[in-house]
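We number each residue from 1, following the sequence as shown.
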Amino acid sequence: MNLSLQTKISAYAALIIIVITAVNTYIFTSAYYSNIEKRLILRGETLNYSLSKAAVEGLLAENLDLITNASFIVQAKDVVLSQVYQTTWDAVDAYPIKKLRESPHPDAVKYFKESNEPLYIKNKDSYEFYSPVVFKYSEKSNPLTIGFVRIVLSSVNIQQEFKKAVVKNIIVSGFAVIVVIAIFHILIFKVVISPIKRLNKSIIMFKKGILSETKYAHQKDEFGELFYEFEEMSRTVKEREQMLVDSEKRIKSIFERVEHAMFRLDGDCNIIQTNSRFNNMFGNVKKICEALISEGDSKNCIELASLEKHVNIEREAVTKEGDKITVLISLYPETDINGHITGFDGYIIDITEKKRLQESLFHARKMEAIGNLAGGIAHDFNNMLQGILGYASLLKMNLSEKDNMYKPIDIIEKSAINASNLTKQLLGFARKGKYIISSISLNSAVENIYDVISRTFDRTIEIRKILSSNLWTVEADKSQIEHIILNLCINAKDAMPDGGIVTLETFNFEGEPIPSANYGKYAVLRVSDSGIGLDESTQKKIFEPFFTTKEHGKGTGMGLAMVYGVVKNHNGFINVYSEIGRGSTFTIYLPAIEKMASVEKIEEETIKKLTEGFILIVDDEEIIRDTGKALLETLGYNVLEASNGLDALEIYKNRQNDILLIILDVMMPKMNGKETFIKLKEINPLVNVLMSSGFSINGVAREIIDLGAKGFIQKPYNMKELSKQLKEFLI
């Protein structure tokens with residue numbers, strides 16, 4: 001059975017349309033069901049959370065009528081069951097009450113033995129939602145689970161809604177398929193079949209050289225006729241035309257179809273032929289070097305490279321839109337019998353994106369390597385500083401301020417503390433985390449940085465302070481805040497190579513710091529300079545990583561990106577305002593709090609023995625153990641030592657009743673701090689452990705604290721810091 005081309009195309013098109021429509025219908029219905037299921041889950045989690053909050057007071061007061069207070073939740077149409085359990089999973093209230101004794105899902109009971117996060121379970125016709133009922137005695141106390149709540153939502157409504165959507169979608173899709181197929185069938189005839197017939201007739205007329213309306217019999221399909229008549233015409237044309245014409249056509253076709261920008265040059269590097277890709281890139285340039293950014297005249301920029309046998313040349317070029325791109329030029333010189341260059345054939349490849357990706361990868365690897373190096377150096381440096389700072393504080397305790405050695409020892413201690421602050425900045429760069437969050441005044445941070453830059457900046461730069469006397473307090477990591485202030489001041493200095501004014505200002509602000517921001521109270525830091533300023537396009541990119549306006553090799557482009565990250569990490573905002581020739585102003589808004597700023601002060605009574613017993617120091621560094629032992633013995637404690645986790649476990653098994661506290665290093669050979677802590681918990685779930693590390697509290701130390709460790713002390717620490725920690729965890 002011979003089918004027409006129109007019928008064949010229509011049949012294949014119909015099949016494709018049906019398959020595509022079926023796939024789209026499946027995707028749509030799947031996405032639709034997922035969406036309504038997500039809405040149900042979100043609703044269940046919200047109701048469950050509300051019920052858990054409503055049940056807190058009832059459970060604490062032993063009021064069994066727990067669900068009455070949440071009647072607006074449990075009486076919803078899709079709520080099949082709601083229950084409140086004690087921690088033993090005994091139900092104390094339910095709606096409807098007749099289902100009070102219905103048992104919870106076994107998976108839920110098993111799940112909450114290991115987790116305290118909300119849970120939902122999907123059943124055939126319903127969804128079950130479970131949440132712990134959590135109570136906190138105070139803001140600083142750990143949350144206590146006092147019970148559980150359960151809500152079961154019916155999924156019948158969403159299944160019915162899904163079925164309606166599926167039926168509706170199938171009906172609409174089926175109708176659309178029929179309409180599209182019909183339209184496509186008509187279009188095929190008008191757009192494809194009819195032109196083919198006219199073309200076929202023209203070919204026949206062209207071959208015979210006369211205008212004829214003779215109708216020839218059709219072949220199997222329209223293309224069969226076309227191919228037959230075109231073959232006859234080609235043989236006739238080949239007999240009448242020269243072979244050169246066909247050859248030239250083929251070359252020109254290849255020249256145009258190549259995706260690269262192709263060109264031909266004469267001996268003076270004038271362009272004599274280009275393809276459309278070249279024209280699209282560079283327009284109607286007359287000489288190849290008009291599109292290239294190079295030195296020398298038009299001829300030398302190509303010819304010299306060729307004479308040096310540089311077949312592939314990397315150059316910067318400018319497109320017809322004025323964009324700067326990087327290109328790779330491949331050249332094939334033509335020479336005469338004497339070896340003189342008479343012209344060139346070549347093509348150009350745009351490698352701009354490839355170069356950009358290479359540079360981005362290089363930057364990413366460089367910053368990753370620097371971050372790893374900084375973190376490792378800071379960790380090792382903190383271990384070294386522990387001996388200096390620890391023994392310095394011991395020596396200082398045994399000297400009066402009138403002693404001749406008191407001041408040198410005090411300088412050693414302060415220098416070690418300053419070095420420790422530097423390592424915290426290195427750790428901040430490597431880990432991008434917070435360390436010690438406390439209530440601080442921005443004025444204190446500004447004063448500290450002012451002391452540094454006033455001694456180090458060139459005298460041609462005037463530094464001004466305008467500090468508010470009643471500035472609100474903020475919750476922040478003081479070292480990171482000082483780091484961003486210093487970074488902004490250094491940028492201001494670099495923007496004033498001939499000198500100028502840097503202004504550090506603080507003040508209070510109440511309102512919205514930026515459009516769409518939360519209304520509130522903010523302590524504000526403003527750093528201004530009278531430097532060269534930034535244009536509008538630069539201001540839009542200034543906080544992007546790796547973007548810099550400094551000369552190559554003088555800036556990584558990470559400074560302001562880190563400033564932006566620290567500010568955002570403190571829930572703050574940063575604005576920049578600048579004009580060319582009028583300087584720049586960076587304004588940072590940090591949320592204000594009601595607390596007073598923390599004062600770093602250790603009372604005299606804290607440096608004393610708090611209770612009887614042993615303290616076990618676990619650290620693979622001998623100097624850390626020696627320093628810690630000396631500090632603790634000075635405080636009056638008996639000290640046990642272990643150089644690794646295995647030894648610590650053996651000591652604790654034998655003397656756990658005598659050991660008040662374990663100071664445990666995070667990074668150790670044989671068995672690290674986390675593994676050791678888990679094993680200690682198996683021996684005694686109430687073991688008292690204080691984590692210690694040259695790294696920050698973030699990372700592994702935070703994981704161990706989340707597992708139940710009592711606290712964290714960062715190396716290096718002195719007598720006062722150690723005594724403060726002991727007072728907090730042993731009283």
Side-chain angles (χ1 to χ4, degrees), residues 367 371 421 424-450 452-453 466-468 471-495 502-529 534 538-549 555-578 584-593 595 597-598 696 698:
M367 299 310 296
N421 290 333
K424 288 179 181 179
Q425 293 181 3
L426 287 173
L427 287 172
F429 175 75
R431 296 290 183 269
K432 300 179 182 177
K434 297 181 181 179
Y435 297 95
I436 303 173
I437 302 300
S438 60
S439 305
I440 69 168
S441 170
L442 292 179
N443 286 347
S444 175
V446 171
E447 291 284 5
N448 290 343
I449 298 303
Y450 177 82
V452 174
I453 63 177
I466 307 174
L467 306 182
S468 173
L471 188 65
W472 292 329
T473 304
V474 298
E475 283 275 359
D477 182 336
K478 186 177 180 181
S479 66
Q480 287 197 349
I481 296 301
E482 289 178 352
H483 181 69
I484 66 175
I485 298 173
L486 180 60
N487 194 292
L488 291 174
C489 289
I490 291 174
N491 282 352
K493 174 182 71 70
D494 293 341
V502 176
T503 304
L504 302 174
E505 182 181 1
T506 61
F507 57 90
N508 295 325
F509 174 84
E510 184 172 1
E512 297 180 2
I514 61 173
S516 74
N518 294 330
Y519 183 95
K521 293 183 177 181
Y522 297 86
V524 183
L525 166 69
R526 179 171 289 163
V527 180
S528 305
D529 65 68
L534 305 168
T538 301
Q539 292 179 49
K540 293 179 180 179
K541 302 178 182 179
I542 197 168
F543 295 116
E544 295 179 3
F546 308 124
F547 177 79
T548 179
T549 58
T556 64
M558 285 295 295
L560 287 176
M562 292 177 67
V563 170
Y564 181 85
V566 169
V567 172
K568 287 297 181 183
N569 213 21
H570 285 76
N571 299 317
F573 304 92
I574 182 169
N575 285 335
V576 58
Y577 175 80
S578 183
S584 303
T585 298
F586 290 84
T587 307
I588 295 173
Y589 300 83
L590 296 179
I593 59 172
K595 294 181 181 179
S598 302
S696 73
N698 292 330

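Between N443 and S468, the shortest heavy-atom distance links the atoms ND2-O, 2.7 Å. For G511 against Y522, the heavy-atom pair with the smallest separation is O-CE1, 3.6 Å. Nearest heavy atom pair, residue V567 against residue F573, reads CG1-N, 3.5 Å. The shortest heavy-atom contact between V502 and A492 is CG2-CB, 4.0 Å. Between G572 and L590, the shortest heavy-atom distance links the atoms CA-CD2, 4.1 Å. Summarising the geometry of Y589 relative to V524, their closest heavy-atom pair is CD2-CG2, 3.5 Å, with the distance given to 0.1 Å.
Across V446, I588, L486, I440, a single residue satisfies side-chain contact (heavy atoms from CB on, under 4.5 Å) together with I481, and that is I440.
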request  = Step by step, work out the side chain to side chain contact (heavy atoms under 4.5 Å, CB included) result for H570 and D477.
outcome  = CA-CA 9 Å; H570 285 76; D477 182 336; 4.0 Å; yes
task = Before giving the answer on side chain to side chain contact (heavy atoms under 4.5 Å, CB included), spell out for R526 and F586 the whole-Å C-alpha distance, their side-chain angles and the decisive distance to 0.1 Å.
result = CA-CA 6 Å; R526 179 171 289 163; F586 290 84; over 6 Å; no
query = Could you go step by step and tell me if L504 and V527 meet the side chain to side chain contact (heavy atoms under 4.5 Å, CB included) rule?
reply = CA-CA 5 Å; L504 302 174; V527 180; 3.8 Å; yes
request  = Run the numbers on I593 and V474 for side chain to side chain contact (heavy atoms under 4.5 Å, CB included), then give the verdict.
outcome  = CA-CA 6 Å; I593 59 172; V474 298; 5.7 Å; no
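The NZ atom of K478 sits 4.5 Å away from atom CG of N448, with the distance rounded to the nearest 0.5 Å.
A donor-acceptor pair under 3.5 Å is absent between the side-chain atoms of S528 and the main chain of T585, judged by distance alone.
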